[in-house]
Chemist: 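Dropping a structure here in structure tokens format, bear with me for questions.
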Amino acid sequence: MSFLGGGSRSAPSGSISFEKIEMASTELDTVTDFFNRMVSSCHAKCVAARFYTDGELNKGEQVCIDRCVGKYNEVQKKVGEKIQAKGQAQQGGSGFGL
Amino acid sequence: MSFLGGGSRSAPSGSISFEKIEMASTELDTVTDFFNRMVSSCHAKCVAARFYTDGELNKGEQVCIDRCVGKYNEVQKKVGEKIQAKGQAQQGGSGFGL
Amino acid sequence: MSFLGGGSRSAPSGSISFEKIEMASTELDTVTDFFNRMVSSCHAKCVAARFYTDGELNKGEQVCIDRCVGKYNEVQKKVGEKIQAKGQAQQGGSGFGL
Amino acid sequence: MDFSGMNQAEQAHMTKVIEKKQMQDFLKMYSNIVEKCFSTCCNDFTSKALTSKEDTCVTNCAEKWLKHSERIGTRFAELNAEMMEAQQK
Amino acid sequence: MDFSGMNQAEQAHMTKVIEKKQMQDFLKMYSNIVEKCFSTCCNDFTSKALTSKEDTCVTNCAEKWLKHSERIGTRFAELNAEMMEAQQK
Amino acid sequence: MDFSGMNQAEQAHMTKVIEKKQMQDFLKMYSNIVEKCFSTCCNDFTSKALTSKEDTCVTNCAEKWLKHSERIGTRFAELNAEMMEAQQK
């Protein structure tokens with residue numbers, strides 16, 4: 001967040017492109033956020049209990065988790081397509097008057 | 001987060017006040033956070049369903065959303081006043097022993 | 001987030017170890033996150049209502065909050081032990097194919 | 001927000017900061033819609049593919065979220081404009 | 001937390017970092033209380049103004065959240081102090 | 001993700017960034033498990049110590065969360081590998 005713009009100017013001679021690092025870093029954050037939300041969502045669907053009587057994932061939970069990952073990923077693709085379809089308009093129109 | 005303090009020292013000759021950028025950036029984050037929470041809250045009040053049968057906002061939902069924005073904003077003002085009333089004491093007393 | 005690695009190279013002559021600041025900063029974030037989650041969790045257990053008829057914490061709520069802090073802290077210790085027990089394996093195995 | 005107190009270099013920098021934040025916000029909105037629509041629409045874990053019922057629900061859910069966000073954005077911008085006007089009086 | 005391992009320049013820098021974080025925490029607490037009290041108290045969308053019932057609820061809700069946070073802060077500080085003492089023994 | 005477009009200095013820097021993020025993720029997972037297991041398991045506030053029933057529940061809950069995260073991680077890595085392969089064809 002800090003070295004954008006001004007940052008590239010103050011880059012050391014070691015020839016690091018902070019632009020590039022920045023982009024990779026944002027990508028990493030996005031994947032991590034996606035992953036964390038998938039963990040929570042699939043826990044709610046497959047593992048959540050009102051009381052935990054043991055610490056193992058039983059067979060049913062394991063199968064549920066595996067399918068949940070696949071399904072979550074499909075939802076991500078589908079929503080991505082929807083957003084892309086109207087993305088330009090949406091993004092251009094944002095900024096809510098700032 | 002990074003250029004505070006030390007950052008101002010390493011500012012390039014282009015005369016950028018990182019202090020100022022920093023403050024504007026925090027303000028932006030605050031408004032964005034507020035906006036995102038309003039989107040979620042008003043969705044819960046006006047749009048949330050157990051199953052989505054179509055992709056349009058119907059008349060009732062539209063009216064509800066418009067009022068929700070007004071109401072959310074009023075709550076923000078009211079809470080702001082409350083906090084300000086005891087703000088100084090609260091903020092001074094924080095830091096929980098760090 | 002910005003001055004890691006590259007940052008230490010561009011540190012001003014004032015001999016600030018950004019490594020050290022960074023670590024302290026992460027520690028601070030962790031404690032703050034922990035604190036904020038405790039506030040929310042204990043509110044849900046001790047104070048939450050469907051309608052707020054007055055602005056005071058009654059005796060029962062006060063006692064509940066005090067115990068809640070103790071209990072939340074015990075849960076944190078217990079979970080910490082569990083994680084540590086399998087921590088190494090878990091952490092080494094992460095990165096989910098990035 | 002008003003960045004008129006900034007010099008040209010600062011405004012240029014600020015533009016970059018804003019662009020970055022808009023990108024992050026956009027991605028956050030994206031993963032939020034995925035999470036919310038998945039939670040509401042997906043309840044059948046006998047297969048890993050979306051059932052046609054789930055598919056319909058997710059499509060509509062995403063569509064509605066986008067329209068909802070857009071509408072809130074418009075109203076919010078109006079409100080901010082009003083508040084700025086009120087301040088200048 | 002203990003910053004005694006830091007030199008003066010580092011402590012000065014750290015103070016700035018802490019001040020910034022406190023500001024951010026404060027703003028986060030603010031928007032969190034708004035969100036929570038709105039969700040609990042506002043359920044009538046036949047008008048955009050707060051009803052007097054909602055108004056009372058929001059005021060009390062915010063008041064309680066502030067007192068609650070404060071109390072947790074005090075207890076938490078005590079706990080930290082105890083733990084630090086225990087470590088030094 | 002593919003960092004092969006980076007030079008050596010950039011990759012070294014990126015490694016540090018990743019290490020930092022993994023640390024943060026780890027801490028976030030930790031506080032998330034605490035929050036979730038506390039919410040599910042602790043409902044008795046007649047004392048500040050964990051009852052033996054709560055203790056059992058928290059231990060099992062944490063154990064399950066860890067195994068759950070690990071399993072999702074494995075499946076997710078497989079999915080990513082598949083998608084990368086599909087892209088290269």
Side-chain angles (χ1 to χ4, degrees), chain B residues 1-9 19 22-23 25-27 29-42 44-46 60-87 89-98, chain E residues 1-3 9-10 12-39 41-51 54-55 57-63 65-67 69-70 72-81 83-84:
Chain B
M1 192 146 298
S2 68
F3 39 62
L4 331 133
S8 51
R9 253 173 271 164
E19 244 17 48
E22 181 91 6
M23 272 179 57
S25 179
T26 298
E27 197 183 335
D29 285 343
T30 305
V31 178
T32 305
D33 182 39
F34 175 77
F35 178 75
N36 288 336
R37 288 175 190 255
M38 185 165 65
V39 170
S40 281
S41 300
C42 290
K45 296 291 183 189
C46 300
E61 287 166 337
Q62 289 176 20
V63 174
C64 181
I65 291 167
D66 294 352
R67 287 171 183 159
C68 186
V69 171
K71 204 162 256 198
Y72 199 90
N73 209 50
E74 286 220 358
V75 173
Q76 197 219 11
K77 275 191 228 155
K78 198 153 268 313
V79 173
E81 289 161 19
K82 267 283 158 226
I83 290 181
Q84 220 147 28
K86 55 185 297 181
Q90 177 76 7
Q91 225 183 333
S94 106
F96 32 84
L98 298 175
Chain E
M1 268 182 240
D2 182 17
F3 301 132
E10 286 162 355
H13 191 124
M14 202 57 216
T15 303
K16 288 222 167 191
V17 172
I18 290 173
E19 274 168 14
K20 201 195 164 190
K21 284 190 195 296
Q22 283 183 333
M23 184 62 181
Q24 289 173 329
D25 285 350
F26 172 77
L27 291 169
K28 207 182 157 186
M29 183 191 73
Y30 179 14
S31 59
N32 190 43
I33 293 180
V34 172
E35 188 183 17
K36 295 291 175 55
C37 294
F38 173 84
S39 291
C41 297
C42 299
N43 289 302
D44 175 356
F45 293 93
T46 55
S47 91
K48 70 171 190 172
L50 287 171
T51 65
E54 286 171 341
D55 190 304
C57 181
V58 168
T59 304
N60 289 331
C61 175
E63 190 92 27
W65 264 102
L66 291 171
K67 283 175 186 157
S69 302
E70 221 174 338
I72 301 251
T74 311
R75 287 295 97 75
F76 191 46
E78 289 168 8
L79 211 67
N80 280 339
M83 275 165 24
M84 280 210 176

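By convention in this document, chain letters (A, B, ...) are assigned in the order of the sequence lines, proteins followed by strands, and residues within each chain are numbered from 1.
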Chemist: Which answer fits E:Glu19, side chain, backbone, both or neither, if we ask what part of it has an atom under 4.5 Å from a heavy atom of chain B?
Modeler: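 E:Glu19 has no heavy atom closer than 4.5 Å to chain B.
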Chemist: Count the heavy-atom pairs under 4.5 Å between each of E:Ile33, E:Thr15, E:Thr59 and chain B, then report the option with the highest count.
Modeler: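 Heavy-atom pair counts peak at E:Thr59.
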Chemist: So, the side chain of B:Tyr72 versus the backbone of E:Val34: is there a donor-acceptor pair under 3.5 Å, distance only?
Modeler: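 Not at all, since once roles are kept as given, no pair shorter than 3.5 Å links the two residues.
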Chemist: Is there a donor-acceptor contact under 3.5 Å from the side chain of B:Lys45 to the main chain of E:Ser39?
Modeler: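 Flag set: sc B:Lys45 to bb E:Ser39 pair under 3.5 Å.
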Chemist: Give the member of E:Leu79, E:Ile18, E:Thr46 that has the highest number of heavy-atom pairs under 4.5 Å with chain B.
Modeler: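 Greatest number of close heavy-atom pairs with chain B: E:Thr46.
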Chemist: For a salt bridge (charged side-chain N to carboxylate O under 4.0 Å, His left out) check, start with the C-alpha distance between B:Glu22 and E:Lys20, then their side-chain angles and the critical distance, and finish with the verdict.
Modeler: CA-CA 10 Å; B:Glu22 181 91 6; E:Lys20 201 195 164 190; 2.6 Å; yes
Chemist: Show the nearest heavy-atom pair for residues B:Gln76 and E:Tyr30, with the distance to one decimal.
Modeler: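 For B:Gln76 versus E:Tyr30, the nearest heavy atoms are O-OH, 2.8 Å.
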Chemist: Give a yes or no on whether the backbone of E:Phe45 and the side-chain of B:Arg67 come within a donor-acceptor separation of less than 3.5 Å.
Modeler: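 Checking the backbone N and O of E:Phe45 against the side chain of B:Arg67, a donor-acceptor pair under 3.5 Å is found.
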Chemist: Any idea which of B:Cys64, B:Cys68, B:Ser40, B:Ala44 has the most non-hydrogen atom pairs under 4.5 angstrom with chain E?
Modeler: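 Ranked by contacts with chain E, first place is B:Cys68.
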Chemist: Any heavy-atom pair between the side chains of B:Ile83 and E:Phe26 that's under 4.5 Å?
Modeler: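 Yes, close enough: below the 4.5 Å cut-off.
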Chemist: Is E:Lys48 close to B:Lys71 at the side-chain level, that is, under 4.5 Å between some pair of heavy atoms?
Modeler: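 Counting from C-beta outward, B:Lys71 and E:Lys48 never come under 4.5 Å.
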Chemist: Is E:Ala49 close to chain B through its backbone or its side chain, or both, or neither, when contacts mean heavy atoms under 4.5 Å?
Modeler: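 Both backbone and side chain of E:Ala49 come within 4.5 Å of chain B.
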Chemist: I'd like to check E:Asp55 versus B:Lys78 (side-chain heavy atoms, cut-off strictly below 4.5 Å). Are they in contact?
Modeler: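 Sidechains of B:Lys78 and E:Asp55: in contact.
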Chemist: Apply side-chain contact (heavy atoms from CB on, under 4.5 Å) to the pair B:Thr26 and E:Leu27, showing each step before the final yes or no.
Modeler: CA-CA 10 Å; B:Thr26 298; E:Leu27 291 169; 4.0 Å; yes
Chemist: Are any non-hydrogen side-chain atoms of B:Arg37 and E:Asn32 less than 4.5 angstrom apart?
Modeler: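 B:Arg37 reaches E:Asn32 side chain to side chain.
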Chemist: Within a strict 4.5 Å, meaning less than it, do heavy atoms of the B:Thr30 and E:Ser31 side chains meet?
Modeler: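 No. Closest side-chain heavy atoms not under 4.5 Å.
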